[in-house]
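What follows is a short report on a single structure.
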Amino acid sequence: AQTVTQSQPEMSVQEAETVTLSCTYDTSESNYYLFWYKQPPSRQMILVIRQEAYKQQNATENRFSVNFQKAAKSFSLKISDSQLGDTAMYFCAFKRTGNQFYFGTGTSLTVIP
Amino acid sequence: KAGVTQTPRYLIKTRGQQVTLSCSPISGHRSVSWYQQTPGQGLQFLFEYFSETQRNKGNFPGRFSGRQFSNSRSEMNVSTLELGDSALYLCASSFSSGGDYEQYFGPGTRLTVT
């Protein structure tokens, strides 16, 4: 079975600073996809960034980047220049070649002005 | 393009009743997945439908069922409601099943069972 673990239930960061959210996963698959989703308070979940396991290069989307360590089964999210609008619940997710997503329990991030 | 829509947005039911939730995917999307979100458990996968067929199923009792129509709209049904079924139910659509297609989430239906 696939499991996704987010060991930081809550985090906070000062505006304009950098924060890293951790995620580890467990799988015996060699081909899979990893995602970070953001769920702002009372708003819809949206995709932040994704990574294909066969790609060694870490994905980057503007201020968001990942540190993908396949051997360690680690997939952390780094947010640079944190903004107030980054305050949200962040979910790490794993997907095999089918369409079944496995989500972690989430990290609640608060950006402090 | 319109996003994923879910109806109703809020629902209050009594134990023992049944409930039906509806999800309309993004136009052109044929895969619809359902998730249960609770504070303690996070998001748990219920099932996925693709082209009117259930493709994957999570570890939920048979009281939870679903279906998909030819226009890709999907419904989820929960029978004999229990207090523990109180949750935010999220629907997500994607273009296809498999591959690295992103899932787009709806706003959710907040179900409260009293």
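Naming: A, B, ... by sequence-line order, numbering from 1 per chain.
- No more than 12 heavy-atom neighbours from other residues, nucleotides or ligands sit within 6.0 angstrom of CD1 on B:I12.
- Heavy-atom distances place the side chain of B:Y35, and not its backbone, under 4.5 Å from chain A.
- Chain A is approached within less than 4.5 Å, heavy atom to heavy atom, by B:L88 from residues 68-88 of chain B, ordered by number.
- Contact of the A:M45 side chain with the B:L43 side chain is registered, since non-hydrogen atoms from C-beta on lie closer than 4.5 Å.
- Hydrophobic clustering of Ile, Leu, Val, Met, Phe, Trp and Tyr side chains at less than 4.5 Å, counting indirect connections, keeps B:Y104 apart from B:V32.
- Interface remark: B:Q103 contributes backbone and side-chain atoms alike to the contact with chain A (heavy atom separation under 4.5 Å).
- Taking NZ of A:K95 as the start and OG of B:S33 as the end, the distance is 9.5 Å to the nearest 0.5 Å.
- In the hydrophobic clustering of this structure, A:Y102 groups with A:Y25; members are Ile, Leu, Val, Met, Phe, Trp, Tyr whose side-chain heavy atoms approach within less than 4.5 Å, directly or through other members.
- Following chains of ILVMFWY side-chain contacts shorter than 4.5 Å, one cannot reach B:V4 starting from B:Y10, and the two form parts of different hydrophobic clusters.
- Residue B:R15 qualifies as open at atom CZ: its count of foreign heavy atoms under 6.0 Å is 12 or below.
- For the atom pair CZ (A:F101) and CG (B:N56), the distance works out to 11.0 Å, reported to the nearest 0.5 Å.
- Transitive grouping of hydrophobic side chains (ILVMFWY, heavy atoms separated by less than 4.5 Å) keeps B:F60 and B:L90 in distinct clusters.
- More than 12 heavy atoms of other residues, nucleotides or ligands shown are found within 6.0 angstrom of NZ on A:K70.
- Side-chain contact between B:E102 and A:Y33 is absent, with no heavy atoms from C-beta onward closer than 4.5 Å.
- Under the 4.5 Å side-chain criterion, counting only non-hydrogen atoms from C-beta, A:F91 is in contact with B:Q37.
- A continuous path of ILVMFWY side-chain contacts below 4.5 Å connects A:V13 to A:V48, so both sit in one hydrophobic cluster.
- Other residues, nucleotides and ligands contribute more than 12 heavy atoms inside 6.0 Å of the NZ atom of B:K57.
- Contacts from residues 105-114 of chain B to chain A, taken as heavy-atom pairs separated by less than 4.5 Å, involve B:F105, B:G106, B:P107 in sequence order.
- With a threshold of 4.5 angstrom between heavy atoms, A:Q39 approaches chain B through side-chain atoms but not through N, CA, C or O.
- Within a 6.0 Å radius of CG in B:N59, other residues, nucleotides and ligands contribute 12 heavy atoms or fewer.
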